[in-house]
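When reading the values below, keep in mind they use all heavy atoms of this one structure, side chains included, and skip hydrogens, waters and symmetry mates.
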Amino acid sequence: MFLLFGTRTSEAVINVVSFVCGYCHTLAEQHVVKRSTKVTLFFVPLVPLSTKHVNVCAQCGGTTALSAAQVRNSLDWARTHAERQP
């Protein structure tokens with residue numbers, strides 16, 4: 001029997017906010033990215049191993065790890081600012 005198994009990491013942008021980057025010190029878009037690593041069997045993702053959130057600067061590409069609380073705060077901020085837009 002021949003089995004193909006391994007891991008696969010996928011990324012999804014869940015939010016975009018603007019603030020000053022800690023690396024390049026410019027006001028730029030910051031992408032909140034969700035990275036999920038899953039075990040695969042015959043290239044089909046089955047079981048999630050880990051989920052991490054990072055902040056990626058659109059200007060310089062610098063990344064910063066985020067906690068779950070920071071991600072929730074980012075989503076709440078975006079939601080309140082979207083409601084204020086006409």
Working to the nearest 0.5 Å, report the span between [atom1] of [X] and [atom2] of [Y].
X: L49; Y: K38; atom1: CG; atom2: NZ; answer: 10.5 Å
X: S18; Y: Q30; atom1: OG; atom2: CD; answer: 7.5 Å
X: H53; Y: S36; atom1: NE2; atom2: OG; answer: 7.5 Å
X: L27; Y: Q59; atom1: CG; atom2: CD; answer: 10.0 Å
X: H25; Y: C60; atom1: NE2; atom2: SG; answer: 9.0 Å
X: L75; Y: Q70; atom1: CG; atom2: CD; answer: 12.0 Å

N55, V13, V54 screened by side chain to side chain contact (heavy atoms under 4.5 Å, CB included) with V32, the one that passes: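 Option passing the side chain to side chain contact (heavy atoms under 4.5 Å, CB included) with V32: N55.
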F43 atom CZ, over 12 foreign heavy atoms within 6.0 Å: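 Open.
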Within 6.0 Å of CZ in F19, more than 12 heavy atoms from elsewhere: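 Atom CZ in F19 is crowded, with more than 12 foreign heavy atoms closer than 6.0 Å.
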Cluster overlap L66 with I14, hydrophobic side-chain contacts below 4.5 Å: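 Yes, L66 connects to I14 through the hydrophobic network.
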Hphob cluster co-occupancy, L46 + F5, side-chain heavy atoms under 4.5 angstrom: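 Looking at the clustering, F5 is in the same group as L46.
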Shortest non-hydrogen contact from T40 toward P45: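 In terms of heavy atoms, the two residues are closest at CG2-CA, 3.8 Å.
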Side-chain heavy-atom pair Y23, T64 within 4.5 angstrom cut-off: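 They are in side-chain contact.
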